[in-house]
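When reading the values below, keep in mind they use all heavy atoms of this one structure, side chains included, and skip hydrogens, waters and symmetry mates. No experiment lies behind these values; they were computed from the predicted model shown.
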Amino acid sequence: MFTSESFLEGCGSCLSVCPQSCIITTRIPYVIEQEHCLHCGNCLKTCPAGAVVRR
C-alpha cells in the first residue's frame, strides 16, 4: 500500500507516472486510491519530496 504524507508539496510529479491515474489531487495531501493502485512504486520513485511511502 502506498500513502501520501502530510508534508506533500503537491508538485504533481507522480501524476504522469501512475499507470492507473489513481492519485486524487483535489485534497492535500494527495490521496492514492488503493482499490485502483497497482502498487508499482512509480509514485514512490518519482516523488522529489519523499512524500509517498510504502506501508
Just list the side-chain donor-acceptor pairs under 3.5 Å for residues 17-25, sequence neighbours left out, or say none.
from: Q20; atom 1: NE2; to: H36; atom 2: O; distance (Å): 3.3

### Message
Taking I32 as the starting point, is it possible to reach L38 by hopping between hydrophobic residues whose side chains are less than 4.5 Å apart?
### Response
no

### Query
Are R54 and H39 side-chain neighbours, meaning at least one heavy-atom pair lies under 4.5 Å?
no

### Task
Kindly give the heavy-atom pair with the smallest separation between Y30 and C11, and that separation in Å.
OH-N, 4.3 Å

### Query
Taking all atoms of both residues into account, what is the closest heavy-atom pair of C47 and A51, and its distance?
SG-N, 3.2 Å

#### Entry: Closest contact, heavy atoms only, V52 versus C43
CG1-SG, 3.5 Å

### Task
Please name the pair of heavy atoms, one in S13 and one in P48, separated by the smallest distance, quoted to 0.1 Å.
OG-CD, 3.3 Å

